[in-house]
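A quick write-up on the structure given underneath.
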Amino acid sequence: MQTLGFAMCGSFCTLDRAMEQMTALSSQYALLPVMSQNVYETDTRFGRAVDWIARAGDTAGRPVLHTIVEAEPIGPKRLVDAMVVCPCTGNTLSKIALGITDTPVTMAVKSALRVGLPVVLCLASNDALGASGQNAARLMNTKNVYFVPLGQDDPEKKPFSLVADFSLLQETVAAALEGRQLQPIYR
């Protein structure tokens, strides 16, 4: 059975959808959960940190990695076959694009990329068509980085926001493991 790293960032309003996808992936893959400090430590109106930690750990059947030191060996020790970031915030997307590794999630991604493992980004960002746009474009042209197809979630109220179609995560992971980018679906 292949193993996926499943990293979660602080797009708190999409964590429930991310957990649903994590559960769906757990029937096909072993999972190694990773959380940013924000998810690991922050209670919000969308849920308590301890509950997210428990759900992720229970789904994966192993503890959540939540430090840079814990995430660093993921690539060199080949602990995963691919790394998923779901949800991936604009902040994390930009750090990945610029090579900044100051969180467990960015370290997990850097660690995977440095040994040529596929990284799947499931973006959820209010500024992906704004400040983070250039970084999304940079990563779309980066070897071994794959995007879950995405679109505007609310063009009227949030004109710079893009959110991945979380229901396409499994299909995107399968394609990425074959070295293919899942193409956008037009509706």
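What you are looking at is a predicted structure, and each value in this text was computed from that prediction instead of being measured. Just the heavy atoms: all of them, side chains too, but no hydrogens, waters or symmetry mates, feed the values below.
Val109 and Met107 are members of different hydrophobic clusters when ILVMFWY side chains are connected at heavy-atom separations under 4.5 Å. Under the 4.5 Å side-chain heavy-atom criterion for Ile, Leu, Val, Met, Phe, Trp and Tyr, Leu113 and Val85 are members of the same hydrophobic cluster. Tracing side-chain contacts under 4.5 Å through hydrophobic residues (I, L, V, M, F, W, Y), one reaches Met140 starting from Val145; they form part of the same cluster. The hydrophobic clustering, which links ILVMFWY residues whose side-chain heavy atoms are closer than 4.5 Å, places Leu123 and Phe166 apart. By the rule that hydrophobic residues join a cluster once side-chain heavy atoms approach within less than 4.5 Å of another member, Trp52 and Leu4 end up as members of one cluster.
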Which is it for Val148 and Val120 under the side chain to side chain contact (heavy atoms under 4.5 Å, CB included) test, yes or no, and what are the steps along the way? CA-CA 7 Å; Val148 176; Val120 175; 3.8 Å; yes
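Residue Arg114 qualifies as enclosed at atom CZ: its count of foreign heavy atoms under 6.0 Å is above 12. By the 6.0 Å contact criterion, CG on Asn141 is open, its count of non-hydrogen atoms from other residues, nucleotides or ligands being 12 or less. The 12-atom threshold is exceeded at NZ of Lys95, counting heavy atoms of other residues, nucleotides or ligands nearer than 6.0 Å.
Of the possible donor and acceptor atoms, none in the side chain of Ser111 sits under 3.5 Å from a partner among the backbone N and O of Ala108. At least one donor-acceptor pair closer than 3.5 Å links the side chain of Arg62 to the backbone N or O of Leu31. Checking side-chain atoms of Asn144 against main-chain N and O of Leu117 turns up no donor-acceptor pair under 3.5 Å.
In this structure, the separation between OG1 on Thr103 and NZ on Lys110 is 12.0 Å, given to the nearest 0.5 Å. Between atom OG of residue Ser36 and atom CD of residue Glu41 there is a gap of 8.5 Å, rounded to the nearest 0.5 Å. For the atom pair Asp58 CG and Ser26 OG, the distance stands at 11.0 Å (nearest 0.5 Å). For the atom pair Leu121 CG and Cys88 SG, the distance stands at 4.5 Å (nearest 0.5 Å).
Considering only heavy atoms from C-beta on, Tyr40 comes within 4.5 Å of Ile53 through its side chain. Annotation: side chain of Thr101 is not in contact with side chain of Ile68 (no heavy-atom distance under 4.5 Å). When side chains are defined from C-beta on, Leu15 does not count as touching Phe46, because their heavy atoms never get closer than 4.5 Å. Residues Val84 and Gln21 form no side-chain contact, since every pair of their non-hydrogen atoms from C-beta on lies 4.5 Å or further apart. Considering only heavy atoms from C-beta on, Val119 stays 4.5 Å or farther from Leu139 through its side chain. Within the 4.5 Å cutoff, side-chain heavy atoms of Thr89 are placed close to those of Asn91. The side-chain heavy atoms of Phe6 and Thr59, taken from C-beta on, include no pair separated by under 4.5 Å. Taking 4.5 Å as the limit, some side-chain heavy atom of Met8 sits within range of a side-chain heavy atom of Met19.
Taking both residues in full, the closest heavy atoms of Ala60 and Pro33 are given as CB-CD, 3.5 Å, listed atom of the first, atom of the second, then distance. In this structure, Asp81 and Pro118 approach most closely via the heavy-atom pair O-CD, 3.3 Å. The heavy-atom pair separating Ile74 from Met83 by the smallest distance is CG2-SD, 4.4 Å. Here the closest non-hydrogen pair linking Ala56 and Met35 is CB-CE, 3.7 Å. Taking both residues in full, the closest heavy atoms of Thr172 and Pro149 are given as OG1-CD, 3.5 Å, listed atom of the first, atom of the second, then distance. Taking all atoms of both residues into account, the shortest heavy-atom contact from Arg48 to Asp43 is CA-OD1, 3.2 Å.
Salt bridge absent: Arg180 and Glu171 never bring a charged side-chain N and a carboxylate O closer than 4.0 Å.
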